[in-house]
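I have placed the structure first, in the form of structure tokens, so that the comments after it can refer back to it.
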Amino acid sequence: MTRDHLFNVSQSKVNAWRRCRLQFHFQHVDHLKPFLKARPLKFGGIVHTLMEELSKGKDPFKKLQAIGEHERKLFREEIEYYGDIITDIEYIMRAYIKFWAKEPLKWINVNGKKAELPFEVELTSEIRFKGTLDGVVKHRSFTALLEHKTHKNIPNDDHRWRNLQSAVYIRMLQMAGWVKDIDGTLWNYVRSKSPTRPKLLKAGGMSQASIDTLPDVIGTFLTEHKLSAVPYKEFISTQIVNLQTWFQRVYTPIKPEVVMTLFLEFVRTAREMAGYYEKNKSPPPRSIGQHCMWCSFEPLCRAELMGDDVDFVREHQFVVDDSEYQREGEYDEET
Ligand code: SF4
């Protein structure tokens, strides 16, 4: 096998393979992509871009405006599917910046870059590991791998320990020798939920029924309806306290034996994937389960299984995108 014929794996490819081999095949061998990216993927992709702007000391909202303008047609047509995602992200990122104003991320420069660090390492003589790290930061006295995570609700430790990504990336950092000592992972959580807009009462004034939103959303509503903030002080204070449910940073120290175990298992899966495609051209078997609820390829998989018009589904719901690196695959699809 020459260098150009190395089997490329990424974190998302290994995750997809483990979840369902057929899903992996649709996405990474057939290079199919649904016309409409799931909202969490769209949201995660844009937030990562804005975090990168912040790492460069640039105004992320200029970038957000450019993204909005560039995709205005798409967003207008699909606003019912995504909701007003650009406005949601603006509210959320403005609140994020205010929330962490006293503790901005302390980025470490790696190879001339601070965020979205691309890497490529040869895992074996046949397998290449490719991906992008969110960044490396100083957190208190620790040096940490940074992981931006966008979720509808911020996960707890029960979820975090299952995240293989961090361990594998830490091992990659050690192998590449980019950072001398890495102490752990800093999880930078941002909620992806659309902040609820307040309601106008028939009698006038703003409803103070409990809603899950951000203080600036209320501020905008009061301004738009020419209402004074004074009667709503307590309501606004509740939203300010609620900010800690929107933004959290959690540091988890490294356990070398855990990193090594997960990394070796990652390599083992990568070998299994390479081995399968060395011998087979045909799609691997599907794994039906609860995860099918979140699978972008469910309509296609179901049509194939049920003997429906597969070509029609393929043509009307999917596009072929063989760009080598489908970055969106790296973001959480969880809701
Ligand atoms: S719907 Fe389920 S079985 Fe089918 S490809 Fe998706 S994850 Fe696999």
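As the structure lists them, so they are numbered: ligands from 1, and atoms in each ligand from 1.
- Note that CD of E224 is 9.5 Å distant from NZ of K226, once rounded to the nearest 0.5 Å.
- Between F266 and F129, the ring planes lie tilted relative to each other; the angle falls in the 30° to 60° range.
- Salt-bridge formation is not detected for the pair D88/K193: no Lys NZ or Arg NE/NH1/NH2 atom is positioned less than 4.0 Å from an Asp or Glu carboxylate oxygen.
- Summary of contacts: the protein heavy atom closest to atom 3 (S) of ligand 1 is S287 O, 3.4 Å.
- Using a 4.0 Å cut-off between charged nitrogen and carboxylate oxygen, K113 and E52 count as a salt-bridge pair.
- Protein N/O/S atoms found under 2.8 Å from atom 6 (Fe) of ligand 1, listed by chain and residue number: C295 SG.
- Residue H139 is tested with W107, W187, Y251 for a ring pair (Phe, Tyr, Trp, His ring centres under 6.0 Å); the sole match is Y251.
- For the pair E272 and R18, the salt-bridge criterion is not met [side-chain N within less than 4.0 Å of a carboxylate O].
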